[in-house]
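The analysis underlying the following values was restricted to heavy atoms, covering all of them including side chains, and did not include hydrogens, waters or symmetry mates. Here is how names work: the chains are called A, B, and so on, in the same order as the sequence lines, proteins then strands, and each is numbered from 1.
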2 protein chains.
Amino acid sequence: MIHDSDRSAPSETTPHSHDHAPRRTTVGPAALARAAGLFRAAGDPARLRLLEILSQGELCVSEVAALTGDDLSAISQRLRILRAEHLVARRREGKHVFYALADSHVADLLRAVLAHASEPAAPHADGD
Amino acid sequence: MIHDSDRSAPSETTPHSHDHAPRRTTVGPAALARAAGLFRAAGDPARLRLLEILSQGELCVSEVAALTGDDLSAISQRLRILRAEHLVARRREGKHVFYALADSHVADLLRAVLAHASEPAAPHADGD
DNA sequence: TATACACTTGAAGAGTTTTGCAAGTGTTAG
DNA sequence: CTAACACTTGCAAAACTCTTCAAGTGTATA
């Protein structure tokens, strides 16, 4: 049996609340699912590169295709997935369709993860 | 007809008539790949919930299992994926193995995405 | 040492996703 | 109206991922 005498027991006693929900199982199942979908959409090298490219400015599909060297269909397909998660916004102008990051939150998230990924491995004292 | 301030509408066969900054990779390709892996690891509801749980404090596998009601194996498997992307850190103490978020960057990223996902749909002027 | 406990790992099956090509939609020019 | 251009979507094959169960590793205790 587990004896919690080892250390500060990680008991779920959260005495830092009076009228706010103290024991929220999660931040909200729906929000969690949306967040997971968002991460999953961004969790692909090709799509993440697309986001990174768009973070530098609005571009139309042809321009993106020219930049990455990929097929129009492939770009469009990826953009569709990104758009489904509201990561990018679409704007039509004449024959061209311009894409850009949906909002600054996306750019922020992008910056955060790229910064984290750019850093060398975090220091680990033991077992890694 | 397109309005006055047409952003150099690329109506010709060569749509690269823009005069914006150069478009090379701002982050290294390796960083991009790491970031994608990180997103992909977090892009699963079960794993994201794990991260959210751990953001509240360090826990051992049994405790997590008790909280989520999942099998030890399942938890361990997910934790492994999270650990492979350096999202969580492991610490052994006797028979127990404690997990926690790898660093504050992860907690930050988590907060950012959950905040974004918690918001209602962003207002869209047109095309949605 | 042997046993129980806590966790980890391997492997197979099910389910989901990515990809490439071809056909389809919307828009402007003639 | 027809043609060309820019992009989007459907479909089927291939690739990948998640879950589950059984067996394996490491640690503490009798």
Side-chain angles (χ1 to χ4, degrees), chain A residues 1-7 10 33 36-37 39-50 54 58-85 88-99 126-128, chain B residues 1-3 6 9-17 33 36-37 39-50 54 58-85 88-100 126-128:
Chain A
M1 66 252 311
I2 302 175
H3 276 157
D4 54 291
S5 48
D6 301 82
R7 64 188 192 102
F39 271 150
R40 185 179 43 176
D44 176 85
R47 289 194 299 259
L48 189 58
R49 169 148 34 188
L50 231 43
L54 292 179
E58 189 183 48
L59 286 180
C60 76
V61 185
S62 306
E63 290 170 320
V64 173
L67 273 174
T68 65
D70 279 312
D71 198 69
L72 246 352
S73 299
I75 304 289
S76 196
Q77 203 77 271
R78 289 167 193 155
L79 247 14
R80 188 160 94 92
I81 291 173
L82 256 19
R83 197 157 65 93
E85 296 295 336
V88 300
R90 185 169 65 161
R91 181 175 71 87
R92 176 152 222 155
E93 192 169 307
K95 295 194 212 169
H96 293 264
V97 177
F98 290 93
Y99 281 88
D126 64 338
D128 178 32
Chain B
M1 171 197 255
I2 304 175
H3 285 193
D6 50 273
S11 24
E12 296 308 310
T13 50
T14 350
H16 55 76
S17 45
F39 270 151
R40 185 177 42 176
D44 176 85
R47 289 195 298 262
L48 190 56
R49 168 150 36 186
L50 231 43
L54 292 179
E58 188 183 48
L59 287 180
C60 77
V61 183
S62 306
E63 290 170 319
V64 173
L67 273 175
T68 65
D70 280 310
D71 198 70
L72 245 354
S73 299
I75 304 289
S76 197
Q77 206 74 272
R78 289 166 193 156
L79 247 15
R80 189 163 99 87
I81 291 173
L82 256 21
R83 196 157 63 92
E85 296 296 335
V88 300
R90 186 168 65 161
R91 181 175 71 87
R92 177 152 221 155
E93 193 170 303
K95 295 193 212 173
H96 293 264
V97 177
F98 291 93
Y99 281 87
D126 65 332
D128 182 24

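The phosphate of dA6(D) has neither OP1 nor OP2 within less than 4.0 Å of any side-chain N or O from Tyr99(A). Applying the 4.0 Å criterion to OP1 and OP2 of dA6(C), one finds that Arg92(B) has every side-chain N and O outside that range. The side chain of Arg90(A) contributes an N or O atom lying less than 4.0 Å from OP1 or OP2 of dT8(D). Checking the phosphate oxygens (OP1, OP2) of dT8(C), no side-chain nitrogen or oxygen of Arg83(B) falls inside 4.0 Å. Contact annotation: Arg40(A) side-chain N/O to dT17(C) OP1/OP2 distance is under 4.0 Å.
Arg49(B) has its CZ atom 15 Å from the P atom of dC18(D), to the nearest Å. Straight-line distance from the CG atom of Leu82(A) to the C1' atom of dT17(C): 15 Å, rounded to whole Å. When the P atom of dA6(C) is taken as reference, atom NE2 of His96(B) falls 5 Å away, rounded to whole Å. Rounding to whole angstrom units, CZ of residue Arg78(A) and P of dT8(D) are separated by 14 Å. Per the geometry, CG belonging to Asp71(B) stands 13 Å off C1' belonging to dT9(C), to the nearest Å. At whole-Å resolution of the value, CD1 in Ile75(A) and C1' in dT8(D) are 13 Å apart. dT18(C) atom P lies 14 Å from atom CG of Leu48(A), rounded to whole Å. Residue Ile81(A) contributes atom CD1, which lies 12 Å from atom C1' of dT16(C) at whole-angstrom precision.
With sequence neighbours excluded, the residues satisfying side-chain contact (heavy atoms from CB on, under 4.5 Å) with Ala100(B) are Glu58(B). With sequence neighbours left out, Ser73(A) forms a side-chain hydrogen bond (donor to acceptor under 3.5 Å, both in side chains) with Asp71(A). The ring pair (Phe, Tyr, Trp, His ring centres under 6.0 Å) check on Phe39(A) picks up Phe39(B), with sequence neighbours excluded. In this structure, the side-chain contact (heavy atoms from CB on, under 4.5 Å) partners of Gln77(A), at least two apart in sequence or on a different chain, are Arg80(A). Listed by chain and number, the residues in a side-chain contact (heavy atoms from CB on, under 4.5 Å) with Ile75(A) are Leu50(A), Val61(A), Val64(A), Ala65(A), Thr68(A), Asp70(A), Arg78(A), Leu79(A) (sequence neighbours excluded).
Atom CZ of Arg47(B) sits in a crowded spot, with more than 12 heavy atoms from other residues, nucleotides or ligands closer than 6.0 Å.
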Listed pairs, N/O of protein and of nucleotides 10-13 of chain C, under 3.5 Å:
{"unit_1": "dG10(C)", "atom_1": "O6", "unit_2": "Gln77(B)", "atom_2": "NE2", "d": "3.2"}

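Listed nucleotides dT8(D), dT18(C), dA6(C) differ in distance to Arg47(A); the shortest reach to its side chain belongs to dT18(C).
Between Leu67(B) and Leu59(B) there is a side-chain heavy-atom pair separated by less than 4.5 Å.
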